[in-house]
Every structure is written in structure tokens, then in C-alpha cells.
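Below you will find the structure I want to go over with you.
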Amino acid sequence: MSGGVDSSVAAALLAEQGHDVIGVSMQLYPSTPRDPSTPNHEASGLVIGRSGQAAVDPAVQKWGTCCTIDDLYDARRVAATIGIPHYIVNFESQFGEHVISNFVREYVSGRTPIPCSHCNSDLKFAELLDRARAYDAEQLATGHYARIERDDRGRYHLYRGADNSKDQTYFLFSLTQEQLARAAFPVGHLDKDAVREHARRLNLHVTSKPDSQEICFVPDGNYAAFVERQAPDAARPGTIVDHDGRVVGTHAGVHRFTIGQRKGLGLSSSEPLYVLEIKPDAAQVVVGSRDALGRTRLTASAVNWISGEAPSEWLRVNAQIRHRHAAAPAKVRSTDGGRVELEFDTPQTAVTPGQAVVFYDGDEVLGGGWID
RNA sequence: UGGGGCGUGGCCAAGCGGUAAGGCGCCGGCCUUUGGAGCCGGUAUUCGAAGGUUCGAAUCCUUCCGCCCCAA
């Protein structure tokens with residue numbers, strides 16, 4: 001239970017259906033409870049880092065949009081409303097170890113990470129699932145907009161949420177048969193309006209709580225500053241060059257850029273310039289016009305096939321390369337070592353190393369991997 | 001003190017007689033469980049300054065101011 005509407009309704013619906021439900025929330029950062037007497041009353045967020053893993057400037061007071069101490073209070077209050085027990089599990093060290101360290105490492109190496117995916121695969125459906133077992137829970141339910149179905153042969157299939165506009169399967173591509181067998185997504189067959197309607201009907205006080213967004217652990221959305229705090233050596237200045245290698249500017253570190261980025265380049269030209277390529281070894285950022293951003297081919301690593309079996313031949317799929325990207329027709333085939341090569345029918349804008357490529361057949365998620 | 005060029009919003013910059021493009025940046029908003037992108041709206045009564053020509057000038061003329069380049 002994150003304290004948001006979706007997981008709250010998920011828990012409430014299961015309880016209403018008569019299941020024996022235990023509410024569990026993950027505490028991801030050391031927390032500082034809201035204290036009205038504190039002059040800086042905005043310091044109601046969580047402070048990462050006092051205890052080691054993620055040292056963050058405590059002066060930054062506005063924290064993320066999920067998993068803050070206030071969200072934990074919301075979760076607790078919802079659990080009370082539903083009438084279920086509620087536990088908070090401390091995952092600070094795991095979160096720092098899996099999610100934050102990966103986040104920092106990726107940016108420093110010129111790639112663009114997806115912390116949400118790692119949070120799902122390395123925490124929720126790993127550590128939290130284990131913890132659920134300790135509570136004697138048969139299944140782990142979350143508020144994800146995704147659907148799981150089991151076929152005649154006992155195989156699990158993952159589908160986009162019924163509300164395609166809220167679908168979250170892009171962040172769930174790494175789930176395995178074992179994980180799917182123990183997972184449940186009670187709101188996956190609902191659309192957002194229906195979920196809020198349930199929340200209202202069930203008198204959950206989070207009914208009108210805004211949807212979460214942006215990276216939950218980065219204050220102010222200033223992830224570059226966050227990375228620099230975590231890895232001071234990352235701020236290695238370099239040059240910005242154009243397609244022909246001419247130096248057109250300088251920058252304060254490759255971690256500040258991602259493929260397709262337009263803002264923050266600090267350059268002037270007659271047309272918008274976009275980041276085309278990042279060369280971490282040379283500390284170089286290549287920029288150019290938008291039409292140079294299209295790419296047809298990509299390879300990916302650490303590929304997961306949800307069925308458990310990688311296809312042996314070229315397979316037609318719709319491939320999605322970022323959240324909110326309209327999956328585009330492509331063919332994909334396995335190569336060595338859990339890797340894959342993929343070719344789009346038409347060029348896609350800003351294929352970005354570190355992001356995930358997820359394969360779909362209609363609404364079904366076939367699998368996905370990390371773009372090289 | 002011979003020759004040439006340039007001064008347009010915070011920055012880059014188009015326009016070269018008909019009533020201030022565009023980009024960057026910035027400010028709002030939309031979108032969004034990653035980043036980026038995208039979309040909508042806002043951001044110069046004014047074109048180094050002062051005169052003049054004209055129905056009308058950033059655009060033509062004059063002078064001045066400030067930069068830059070090439071020759072000696």
C-alpha cells in the first residue's frame with residue numbers, strides 16, 4: 001500500500017470480496033515525521049541519507065510524490081478504514097542498494113535508467129514478495145494497471161491494464177512465471193474513474209489524491225543534482241559537438257543528458273537541437289536536428305520472456321521503448337546470452353540506452369529487456 | 001583616423017520600405033508511476049542614439065556612439 005488511490009482500492013476490493021488481507025507498505029527512505037512545530041514545516045517529507053545508503057542534502061525539503069511519510073500515514077488510515085492490519089516494512093537499504101545505486105550508476109555511464117522498473121523487479125516482486133511469504137500470504141496484490149490470466153496449461157499471461165491510458169505493464173516486463181503466479185492486480189480490469197468511484201464508495205479518504213508522478217526519491221525533480229550528490233566524481237565536464245564533430249559548446253557532465261533531450265543544452269541555433277548520442281568515455285555529447293533522432297535497430301540485454309521461452313525465429317511484435325510511447329511494429333529475435341536484436345518497421349525517435357524495450361502482441365506482454 | 005563589416009527581447013538570430021520570423025532561456029498549463037519528447041498559452045509598441053526623407057522605416061539618407069576585421 002503506497003498510500004495512493006490504486007493500491008488502497010486494490011486492498012479494499014480484496015477485503016470486500018472476503019479475502020484475508022494484510023496491508024503492507026514499504027518504507028524506502030529514512031523518514032522524518034511531520035512536525036508542525038518545526039519552522040520549516042515543509043520538512044514533512046522523507047530525508048534520505050542520514051543512515052548511509054543514500055546521502056542526500058537534508059536541506060532539500062520537498063520530497064517525492066509517493067512513499068513519503070505522509071503517504072505511509074495515508075496507507076495506515078486506509079487500512080484502518082478497511083479494517084485490515086497494516087505493516088510498514090523497512091526497505092531503506094534494499095532501495096538504496098537496488099534502485100538508487102542503479103539509478104546513479106546508469107546516469108554516470110551515460111545511460112538513462114528507469115527506477116520504477118527496478119523498484120518493481122528488485123523490490124516489490126522480490127523482497128516484498130518474500131516478506132509476504134513470511135506473513136503467510138498466498139499472493140501479493142498491488143495497484144498496478146495490468147492484468148494476469150492463467151491459461152489451460154497453467155501458464156500465466158500478462159496483459160495491459162483495461163484502461164490503456166493508465167497501463168503500467170511497461171514497468172512490469174521483467175516478471176517471471178513464478179512471480180506472476182503469486183501476484184494479483186485487483187484494479188487491472190478497471191479504468192481510473194472506476195477506481196476513484198470505488199474509493200469514494202468505500203469511504204477511503206484518498207479518493208481525490210492526485211496520481212503520483214516523477215521520480216519519487218529525487219527532490220525537486222533535479223535528478224542531475226541528486227546524481228552529483230551521490231557520485232561527486234560524475235560532474236566531469238566535457239564538450240558538446242555537432243554531427244560533424246565540431247565543438248559547439250561545453251557541459252558539466254554526461255549524467256545531465258539523455259537521448260532526445262532538447263532543453264538545458266545551453267546552445268543557440270536557428271532550429272532546436274537535440275541530444276543524439278552520449279559518449280561517456282570521451283565525456284562528449286553529440287547534438288543535432290530532430291530528424292536525426294530516428295533509429296530503426298536496437299539490441300537489448302537481460303531480456304525476460306514472460307512465457308519463459310525465448311522465440312527461436314524472428315517474431316513480429318509491437319515494441320515500446322518508453323512509457324507512453326505508442327508501441328510500434330517491429331520484428332525481434334533472440335541472440336546470445338539473454339540478448340535480443342530488434343528492428344522497427346519505421347524509425348522511432350530517441351531510442352535510449354538504459355530504457356526498456358517491451359514486446360507486445362496486442363494487449364499481451366511478451367517480454368522485454370534493457371536497451372544497450 | 002586608408003578600406004570593409006556589424007549593432008533587433010537575457011542569449012543566438014531572420015527581416016532590408018508596408019507596419020517585429022524562428023531557436024535558446026524563462027514563466028504558466030496539459031500530458032505522465034522513469035528520464036526525455038510533445039502540445040497550449042505568456043515573454044520587444046519596438047529594432048545602438050539623434051535628426052531627416054516618406055502616406056508609411058528595423059529597413060533609405062545624415063550625424064554621433066560602441067564593437068570587429070583587413071591593410072599600413
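Here is how names work: the chains are called A, B, and so on, in the same order as the sequence lines, proteins then strands, and each is numbered from 1.
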B:rA49 and B:rC65, which share atom name P, separated by this distance in whole Å: 15 Å

Same-atom distance (C1') from B:rG18 to B:rU54, integer angstrom: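 Here B:rG18 and B:rU54 have their C1' atoms 11 Å from each other.
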
A:Leu123 CG to B:rU33 C1', straight-line distance once rounded to whole Å: 14 Å

Atom P, compared across B:rU19 and B:rC27: separation rounded to whole Å: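 It works out to 33 Å between them.
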
Residue A:Cys116, side-chain heavy atoms: nucleotide from B:rC24, B:rU32, B:rU33 that is nearest: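 Between B:rC24, B:rU32, B:rU33, the one nearest the side chain of A:Cys116 would be B:rU33.
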
Plane angle bin for A:Trp370 and A:His118 - parallel if under 30°, tilted between 30 and 60°, otherwise perpendicular: parallel

base_contact_polar (B:rG35 base, A:Thr258 side chain, donor-acceptor, <3.5 Å): yes

Side-chain (A:Asp6) to main-chain (A:His144) donor-acceptor, under 3.5 angstrom: no

Candidates B:rG35, B:rC24, B:rU33 - which lies nearest the side chain of A:Arg262: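 From the listed options, B:rC24 comes nearest.
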
Sugar-phosphate only, base, or nothing, as touched by A:Gln261 at under 4.0 Å among non-hydrogen atoms: sugar-phosphate

Closest nucleotide among B:rA37, B:rG35, B:rU33 to the A:Arg290 side chain: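 Comparing B:rA37, B:rG35, B:rU33 against the side chain of A:Arg290, the answer is B:rA37.
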
Short side-chain N/O contact to B:rU34 OP1/OP2 from A:His323, under 4.0 Å: yes

Sole candidate of A:Val241, A:Leu265, A:Leu276 that passes side-chain contact (heavy atoms from CB on, under 4.5 Å) when paired with A:Val287: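 Passing option: A:Leu265.
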
Axial cation check for A:Tyr170 ring with A:Arg322, 6.0 Å and 45° limits: no

Per A:Lys166 side chain, nearest of listed nucleotides B:rU34, B:rU33, B:rG25: B:rU33

A:Tyr274 side-chain proximity, nearest of B:rG35, B:rU33, B:rG38: B:rG38

5' priority, RNA chain B, between A:Asn120 and A:Gly260 [closest heavy atom]: A:Asn120

Sugar-phosphate, base or nothing in reach of A:Gly264, heavy atoms under 4.0 Å: sugar-phosphate

Ranges pairing with ranges for RNA chain B, where each run has three or more Watson-Crick or G-U pairs under 3.5 Å: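 Only these stems qualify: B:2-7 with B:65-70, B:10-12 with B:22-24, B:25-30 with B:38-43, B:48-52 with B:60-64.
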
A:Tyr145 vs A:Leu273, nearer the 5' end of RNA chain B by closest nucleotide: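 Its nearest nucleotide being more 5', the pick is A:Leu273.
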
d(OH, A:Tyr170; C1', B:rG36) in whole Å: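 Nearest whole value for this atom pair: 11 Å.
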
Short side-chain to backbone donor-acceptor contact, A:Glu364 and A:Asp361, under 3.5 Å: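 Not confirmed, A:Glu364 side chain does not pair with A:Asp361 backbone.
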
Residues, nucleotides or ligands: over 12 heavy atoms within 6.0 Å of A:Arg182 CZ: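 Yes, the 6.0 Å shell around CZ holds more than 12 heavy atoms from other groups.
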
Residue A:Tyr223, side-chain heavy atoms: nucleotide from B:rG36, B:rU34, B:rU33 that is nearest: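 When the side chain of A:Tyr223 is considered, B:rG36 is the closest of B:rG36, B:rU34, B:rU33.
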
Rounded distance (Å) that lies between atom C1' of B:rG36 and atom NE2 of A:His255: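 The distance from NE2 of A:His255 to C1' of B:rG36 comes to 16 Å, rounded to the nearest Å.
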
Nearest-angstrom distance from the residue atom CD of A:Gln348 to C1' of B:rG38: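 Going from A:Gln348 (CD) to B:rG38 (C1'), I get 15 Å.
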
From B:rU34, B:rC24, B:rC31, nucleotide with atom closest to A:Pro272 side chain: B:rC24

Side-chain H-bond candidate by donor/acceptor type, A:His205 with A:Thr81, under 3.5 Å: no

Sugar-phosphate, base or nothing in reach of A:Tyr107, heavy atoms under 4.0 Å: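 Since only primed, P, OP1 and OP2 atoms lie under 4.0 Å of A:Tyr107, the category is sugar-phosphate.
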
Whole-Å C1' distance, B:rG9 and B:rA21: 14 Å

P spacing across the pair B:rU59 / B:rU1, given as an integer number of angstrom: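 It works out to 31 Å between them.
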
Separation of B:rU32 C1' from A:Lys192 NZ (nearest whole Å): 11 Å

Enclosure of A:Glu313 CD (heavy-atom neighbours >12, cutoff 6.0 Å):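 Result for CD/A:Glu313: open.
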
Whole angstrom value for the distance that separates P of B:rU33 from NZ of A:Lys209: 15 Å

Sugar-phosphate only, base, or nothing, as touched by A:Ser117 at under 4.0 Å among non-hydrogen atoms: nothing

Gap in Å between the two P atoms, one belonging to B:rC64 and one to B:rG3, rounded: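 B:rC64 and B:rG3 have their P atoms separated by 14 Å.
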
Touch class at under 4.0 angstrom, heavy-atom based, for A:Ile259 against every strand present: base

Short N-O contact, A:Arg196 and A:Asp193, less than 4.0 angstrom: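 A salt bridge is absent here (no side-chain N lies under 4.0 Å from a carboxylate O).
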
Distance in angstrom units between A:Leu265 CG and B:rC12 C1', rounded: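 Atom CG in A:Leu265 sits about 14 Å away from atom C1' in B:rC12.
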
Rounded C1' spacing from B:rG22 to B:rA14 in Å: 7 Å

Rounded P spacing from B:rU62 to B:rG5 in Å: 13 Å

Spacing between A:Ile240 atom CD1 and B:rC12 atom P, to the nearest angstrom: 17 Å

Polar contact flag, side-chain donor to acceptor under 3.5 angstrom, A:His325-A:Gln320: no

